[in-house]
2 protein chains.
Amino acid sequence: MLGVTVFRIGEAAELLGVSADTVRRWIDAGRLPAGRDEAGHRVVDGAELAAFVRAAGNDPDERADASSARNRLRGIVTAVVKDTVMAQVDIQCGPFRVVSLMSREAVDELDLRVGSVAVAVIKSTTVVVERVPSKGRTS
Amino acid sequence: MLGVTVFRIGEAAELLGVSADTVRRWIDAGRLPAGRDEAGHRVVDGAELAAFVRAAGNDPDERADASSARNRLRGIVTAVVKDTVMAQVDIQCGPFRVVSLMSREAVDELDLRVGSVAVAVIKSTTVVVERVPSKGRTS
DNA sequence: CTAGCGGTTCCGCAGATGCAGCCCGGTGTG
DNA sequence: CACACCGGGCTGCATCTGCGGAACCGCTAG
């Protein structure tokens, strides 16, 4: 098991958040290196895809750049639920919804409300990583 | 201070990650409610923008749906640095780069490597929210 | 008061993306 | 073995998005 993770075009497309056609065009344009399997289907190496998605994520979004420094996800507040002592704040950060539980006092003090811009900050030691059952095979 | 956060078209565009032209077209198409200020400039209400970004984030991406349940950010591993006892794993989740610090043993056990698909899971109590110096005024 | 600067509106254009249609190859089931 | 189903390759088309240009408005500095 060399463990080289490879993706088919559909899998890569889902990961990148675009259609398979777009991934195909990127490959044909040479922007994303890929090979072909015995059936003529395009095969994308996991490491290549990682490099591509990293490059794509850095350039266009300066806000992502500012974020990429240390787990800073910038977004817009979509919900605020205030309890007596605690409060829950939902932030939409790009395609993800991040939920934060904090004291009600903190919410009041920050004056967080629906529509406000906020940044979700996460200590890297509190991030748990799960492997995905998935797809990519080892070849 | 009623605290109704409002955005100008450029600010909304930056938040949504698109150009001001696109936001203008969305408004003209009725997809995003907006008013006009005394100068004829479009003005977007923060709550409306929040509703819009929430809807936009849920529909297209089923993977985001699966993620939105509880701070589950799915992405691709872009870097793995192994130290003697600790390890750092970088995951590109949409436009954001998430860094996780974990024991080296955990990395080996999960068989995490560049190009693997992984999910960053974050307890909502460990998410710190910062307000942005920003923009949106109170009217 | 005037000039300069930044942001917005509106217009038109070129490139990128998504989608539908059609054919092919691999897989599983009866 | 025959059949249906699924994912992929390839083509063409409609749409969306971003960019540049020209004019307008509001704010600030001189």
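Chain letters run A, B, ... following the sequence lines, proteins first and then strands; every chain starts at 1.
- B:Val119 and A:Leu49 fall within a single hydrophobic cluster, where Ile, Leu, Val, Met, Phe, Trp and Tyr are joined by side-chain heavy atoms under 4.5 Å apart, directly or via other members.
- A donor atom on one side chain and an acceptor atom on the other are found under 3.5 Å apart for A:Asp90 and A:Gln88.
- Scanning for side chain to side chain contact (heavy atoms under 4.5 Å, CB included) contacts around A:Arg25 gives A:Asp21, with sequence neighbours left out.
- Residue A:Met102 holds its CE atom at 12.0 Å from OG1 of B:Thr125, rounded to the nearest 0.5 Å.
- Every side chain to side chain contact (heavy atoms under 4.5 Å, CB included) that A:Val43 has, sequence neighbours left out, goes to A:Val6, A:Asp37.
- B:His41 has its NE2 atom 7 Å from the C1' atom of D:dC24, to the nearest Å.
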_What verdict does the side chain to side chain contact (heavy atoms under 4.5 Å, CB included) test give for B:Val127 and B:Asn71, after you've listed the backbone C-alpha separation in whole Å, the side-chain angles of each residue and the deciding distance to 0.1 Å?_
CA-CA 10 Å; B:Val127 177; B:Asn71 294 346; 4.1 Å; yes
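- At a threshold of 4.5 Å between non-hydrogen side-chain atoms, the residues B:Val23 and B:Leu16 count as touching.
- End-to-end axis angle of the helix from C:dC1-D:dG30 to C:dG30-D:dC1, from C1' rotation axes over five pairs per end: 40° (rounded to 10 degrees).
- Judged purely by atom type and a 3.5 angstrom limit, B:Arg104 has no side-chain atom pairing as donor or acceptor with the backbone of B:Thr84.
- On the nucleic acid side, DNA chain C contacts chain B at distances under 4.0 Å to non-hydrogen atoms, with the end points of that region at C:dG7 to C:dC11.
- Take the nearest nucleotide of DNA chain C for A:Glu38 and for A:Ala20: the residue whose nucleotide is more 5' is A:Ala20.
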Polar pairs (N or O, both sides) under 3.5 Å between protein and nucleotides 10-17 of chain D?
from, atom 1, to, atom 2, distance (Å)
D:dC10, OP2, A:Arg42, NH1, 3.3
D:dC10, OP2, A:Arg42, NH2, 2.5
D:dT17, OP2, B:Trp26, NE1, 3.4

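- Note that NE2 of A:His41 and CD1 of A:Ile9 are 10.0 Å apart. Values are rounded to the nearest 0.5 Å.
- In this view, A:Ala34 and A:Ile27, A:Val44 satisfy the side chain to side chain contact (heavy atoms under 4.5 Å, CB included) rule, not counting sequence neighbours.
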